[in-house]
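Heavy atoms only: backbone and side chains are in, while hydrogens, waters and symmetry mates are out. In what follows, chains are A, B, ... by sequence order, proteins preceding strands, each numbered from 1.
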Amino acid sequence: MLDIKLIREEPELVRKNLEKRKKPDYNKMLNDLITKDEAWRNIKIEVDALRQKRNQLTNSIKSLKKEGKTDQISQVLNEAKQIPDKIKNLEKKQLIIESERNSLLLTLPNLLHETVPYGEDDSGNMVEKTGGSKQSFSFTPRSHIDIVEGIKGADIERAAKTSGARFYFLMDELVQLEFAIIQHAIKLLTKRGYHLVVPPTLVKGKIMEGGGFLPTYRDDVYKIEDEDLFLVGTSEAPLVGMHANEILYQDDFPIRYAGFSTCFRTEAGAHGKDTKGIFRTHHFEKIEQISITNPENSWKEHDYLFETAEMFWQSLEIPYRKVNICTGDIGLVAAKKFDLEGWYPSQNAYRELVSTSNCTDFQARRLKIRFREKDGMPTKICHTLNSTVIAIQRGLTCILENNQKEDGSIKVPKVLQQYVDFKEITPKI
RNA sequence: GCCGAGGUGGCACAGCCUGGUACUGCGCGAGACUGGAAAUCUCGUGAGACUUCGGUCUCACAGGAGUUCAAAUCUCCUCCUCGGCGCCA
């Protein structure tokens, strides 16, 4: 959420930033918002004046009573009785216009950082670096879909029976690999100063709104019937919500969490995309990092989170690249976003494995996550950041493709071998 | 799920019965005193609107509704925390 004061004082600065996104709706929304806010302030002036009048009369009734001038009271009382209805009517108007204003405020996206490349869609994303080395295959590399089928790493047909499309039963060696990945990640993350967390995967509407998942991305998440609870699409939601309405101390920054949770996504609007295998599913496990810090350090922290993800993928020897996501592709919440894309030899393409966002004060303002520099000093709004470490199922697809051998077997990456009782996975008949 | 006790500023606590400007302490800030500091004293301390930048006004006691000229205080509803009982992986 943007600061309403900034919109009042520097509307043109906000407008220019919104224009980078090439969505004319935002311009209209901003105008609407400014009009609504002016109307709100006018009503407030009026209603404040009425309350002032009422308070004055109330006080004079009190002092007349004290002085025993009972004969004068009824006159003042009559005058005072006129006021509450007027206040009530105006308050009703004010409340309506305030909620209209606030819902506009909730729908406007974050301000983009100046280093975000300009572009209309994902073709405008900028590759900033590449890492790892692609191996040359002496055969045509199989797709992760075929590999998973070959090693019977997931039972997708039976999952269709129990749950429908885009579900899977993860099986045998892939289950072991999942836990190996988790162990490996925990080692790295604790060394890098993260608290480990298994958060709730059901989260209240207010918290989802605070994280920026609602109202804009309502269609992407599942809701529990008859309850104010949503299944999280990422543990970012509970982890950022964790400190809602709190006042933190600057000395504790950065507060870094590594969360492990199941994630649920409707994948609305993804019909026909990556329909097979375990690449894009309705539920998956993910290790996520989030960080809370002060505005001065958040850009440094953005690099730190990406570096953590990068170290993780380097340790698995996956060829990757770092991409700076452009203005047209970045989404509502982030002021700047890096993706880490992994190499998929069968597709001859890089695909997204990691997203690292600096959300600046956008989430923290909605969630009222504040901090003080020192005891007794005024509160300021924190910056929040998040980054994937690995979405396990998606990550597995990339690991499988890059470690395949001609006979269809899969080498287990070196760093994971200590956690499993096999060095390779062989195809099943 | 049932019974009981609670929820007041950043923190701690009073006020609630008997409606009438939210007490006090800690923390923090400014000033005074001092060679400097501590101690002490004075003033200030949240959110919002207006402002001629001197101030002015409104709101804020878990949330909501009601009674009233006036609600932290009275009435009703809801939520949350703690304790006890029940159920339970």
Side-chain angles (χ1 to χ4, degrees), chain A residues 1-11 33-102 104-106 198 200-210 224 226-230 238 241-253 255 262 292 294 361 364-382:
Chain A
M1 187 164 74
L2 301 181
D3 187 356
I4 185 78
K5 277 186 189 159
L6 182 74
I7 293 171
R8 278 176 200 152
E9 285 161 19
E10 310 256 15
L33 175 58
I34 291 169
T35 313
K36 291 257 156 66
D37 182 53
E38 269 166 17
W40 177 86
R41 283 186 288 164
N42 286 334
I43 294 175
K44 179 166 167 57
I45 292 167
E46 212 177 327
V47 84
D48 276 1
L50 276 171
R51 273 197 275 250
Q52 181 186 5
K53 182 76 183 161
R54 184 199 63 192
N55 290 347
Q56 283 166 353
L57 293 173
T58 289
N59 279 331
S60 66
I61 289 168
K62 187 184 134 194
S63 47
L64 284 173
K65 250 187 197 171
K66 216 185 242 172
E67 292 160 26
K69 297 178 180 167
T70 38
D71 48 324
Q72 290 173 38
I73 290 177
S74 65
Q75 196 190 333
V76 182
L77 209 60
N78 276 336
E79 198 182 343
K81 277 182 181 168
Q82 314 295 316
I83 297 178
D85 276 349
K86 288 185 197 165
I87 292 179
K88 230 171 248 181
N89 284 334
L90 275 175
E91 272 178 343
K92 234 180 250 169
K93 260 206 238 169
Q94 190 187 17
L95 214 67
I96 290 166
I97 214 156
E98 189 176 320
S99 79
E100 287 170 352
R101 183 194 73 178
N102 290 348
L104 280 168
L105 208 51
L106 279 176
V198 177
T201 46
L202 294 177
V203 162
K204 292 177 186 174
K206 263 276 165 226
I207 299 294
M208 292 294 278
E209 183 184 286
I224 303 294
D226 298 328
E227 299 210 47
D228 174 35
L229 285 173
F230 294 81
M242 207 171 160
H243 289 290
N245 298 313
E246 289 186 23
I247 296 170
L248 308 167
Y249 288 92
Q250 179 163 262
D251 290 349
D252 297 330
F253 289 156
I255 300 175
T262 305
I292 303 175
N294 53 346
D361 60 4
R365 180 170 295 108
R366 293 172 172 224
L367 289 163
K368 296 198 175 68
I369 309 174
R370 292 153 297 167
F371 74 99
R372 287 180 205 280
E373 283 164 20
K374 273 197 331 209
D375 250 352
M377 290 187 72
T379 60
K380 295 181 178 175
I381 297 174
C382 298

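As a whole-Å value, the separation of A:Arg51 CZ from B:A47 P is 18 Å. Rounded to whole Å, the distance from CD on A:Glu91 to C1' on B:U58 is 11 Å. Taking atom CZ of residue A:Arg370 and atom C1' of nucleotide B:G9, one finds them 12 Å apart after rounding to whole Å. As rounded to whole Å, 11 Å separates atom C1' of B:C50 from atom CD of A:Gln52.
Shown here for A:Ser60 and A:Val76, the closest heavy-atom pair between the two residues is OG-CG1, 3.6 Å. For the pair A:Ile369 and A:His243, the tightest heavy-atom approach, listed with the atom from each and the gap, is CG1-O, 3.5 Å. Closest of all the heavy-atom pairs between A:Asp3 and A:Arg365 is N-NH1, 3.3 Å.
For A:Lys53 and A:Ile247, each mapped to the nucleotide of RNA chain B holding its nearest heavy atom, the one lying further toward the 5' end belongs to A:Ile247. Nearest-nucleotide assignment on RNA chain B puts the 5′-proximal partner with A:Lys5, out of A:Lys5 and A:Ala49.
An anti base is found at B:G19: its glycosidic angle is more than 90° from 0.
Not one side-chain nitrogen or oxygen of A:Arg372 sits closer than 4.0 Å to the OP1 or OP2 atom of B:C28.
Salt bridge status for A:Lys206 with A:Glu209: present, with a side-chain N to carboxylate O gap under 4.0 Å. Taking 4.0 Å as the cut-off between side-chain N and carboxylate O, A:Asp228 and A:Lys204 do not count as a salt-bridged pair.
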>> So if I define the base as every atom that isn't primed, P, OP1 or OP2, how would nucleotides 61-80 of chain B read as a B/S/- string at a heavy-atom cutoff under 4.0 Å?
In response: --------BS----------
